[in-house]
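A short worksheet on the structure shown next.
Start at 1 and go down the list; that is how both ligands and their atoms are numbered.
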Amino acid sequence: MEKARIVKIVSNRYTVELNGSMFVAVAMGKLRLREKPVVGDFVEIEMLDEKWVIQKVLPRRNALIRPLVANVDQALIVMSAKNPDFSYTLVDRLLFLVCTEAIDPVIIITKKDLIDEQTLATIIDEYKSSGYDIYAVSKYDDQLGIESVFKDKISVLAGQSGVGKSSILNKLDASLSIDTQEISKALGRGKHTTRHNQLFEILGGWIADTPGFSSLDFAHVDALYLAQNIKDFKPYFESCRFRNCMHVNEPGCAVKTHVETGDISKIRYKNYCECLALIEEDSR
Ligand SMILES: Nc1nc2c(ncn2[C@@H]2O[C@H](COP(=O)(O)OP(=O)(O)OP(=O)(O)O)[C@@H](O)[C@H]2O)c(=O)[nH]1
Ligand SMILES: [Mg+2]
Ligand SMILES: [Zn+2]
């Protein structure tokens, strides 16, 4: 039995990566009914009659629905410095969604050529001081400086239209240009008809063929789960008096105390409260 990773699915043909090489495997009907394998899955494969056969899907770290990918390691949250205007609200909403899926966020500020250094430094500091990974890039620079973040990981892109997601991919890997075209084609066809069934190789890692996450996704988030999974709150929320503290009106809330003292970003806290309101609106 060998452990491989599914990188592409076309009906019952599963392209798997095994020790850096690609093979096509099939899945038994039984398996496909019980635990339908998706791209990103680690599977156990076995050679039977000179064919690779998937015997088992290994437990998943997470599984996204849009794009349909399992075991996503990180999400690149892409936000432009300008055109469209930078928005803390949008970045934070994506951060929160990503964290509730047990995915590591990496923030990428694009189009840094369009704002002054001081403004950019303020944005970077806002996230760096909260412990987030953040990079600023411009398509006019020789190197983006994010080349090393992809290695050995499955990444998914997140970010609104026009922020420069495709520009980043094209710039990072010229050989991806065909793939990027496929990615844009997939996007052009719209969310409902696109078949999300492939990962693309990028700089020693993998990237999903369609961007994921939108602020509409809060409909599915559990409010208490959010309260306990905001990275900025994590060092403190266990000190809240109530174990199910939502960090809003409760007495003895350690999160609120640390917002007051400045240990927790006031921006993040405000955006958190807004997201709670979104969840509540949806559940009414
Ligand atoms: N000034 C400047 N413009 C950029 C930069 N990166 C991208 N752009 C421009 O921004 C526009 C949108 O870029 P795309 O890469 O298509 O954005 P996208 O996120 O893929 O957009 P969607 O595919 O609609 O989701 C294009 O006109 C790019 O040329 C940059 O670093 N600086
Ligand atoms: Mg694009
Ligand atoms: Zn609290």
Side chain [X], main chain [Y], donor-acceptor under 3.5 Å:
X: Asp41; Y: Val38; result: yes
X: Tyr272; Y: Phe96; result: no
X: Thr257; Y: Cys253; result: yes
X: Asn62; Y: Val72; result: yes

Any chance you could lay out the side-chain contact (heavy atoms from CB on, under 4.5 Å) test for Arg268 and Leu95, step after step, and finish with the verdict?
CA-CA 10 Å; Arg268 208 90 60 255; Leu95 273 181; 4.3 Å; yes
**Report entry** With the Zn ion (ligand 3) as the apex, the SG/SG angle for Cys253 and Cys240 - to 10°
**Finding:**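 So the angle at the metal works out to 110°.
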Which atoms of ligand 1 are found less than 4.0 Å from any heavy atom of [X]?
X: Val163; result: 17 (O), 19 (O)
X: Tyr140; result: 1 (N), 2 (C), 32 (N)
X: Ser167; result: 6 (N), 7 (C), 13 (O), 14 (P), 15 (O), 28 (C)

### contact_flag Ser138 ligand 1 heavy-atom lt 4.0 Å
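Under 4.0 Å: yes for Ser138.
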- Query: Would you call Asp113 a ligand 1 contact, heavy-atom distance under 4.0 Å?
  - Reply: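 A heavy atom of Asp113 does come that close to ligand 1.
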* To do: Tell me whether Ser166 has at least one N, O or S atom under 2.8 Å from the Mg ion (ligand 2).
  =>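 Under 2.8 Å: Ser166 contacts the Mg ion (ligand 2) through an N, O or S atom.
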Quiz prompt | From CD1 (Ile9) to OG (Ser11), nearest 0.5 Å | solution =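 If I round to the nearest 0.5 Å, the distance is 10.0 Å.
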Between Lys8 and Tyr14, is NZ or CZ placed under 6.0 angstrom from the six-membered ring centre and within 45° of the ring axis?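 Judged by the rule (NZ or CZ under 6.0 Å from the ring centre, within 45° of its axis), Lys8 is not positioned above Tyr14.
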- Query: Any idea which of Lys111, Lys139, Lys165, Lys171 brings a heavy atom closest to atom 19 (O) of ligand 1?
  - Reply: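 That would be Lys165.
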Can an N or O of [X] be found at a distance shorter than 3.5 Å from an N or O of ligand 1?
X: Gly164; result: yes
X: Leu114; result: no
X: Ser166; result: yes

Please name the atom of His247, restricted to N, O or S, that is closest to the Zn ion (ligand 3).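 That would be atom ND1.
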ask   = Do the side-chain N and O atoms of Glu46 and Gln55 include a donor-acceptor pair separated by under 3.5 angstrom?
value =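 Yes, because at least one side-chain N or O of Glu46 sits under 3.5 Å from a partner of the opposite role on Gln55.
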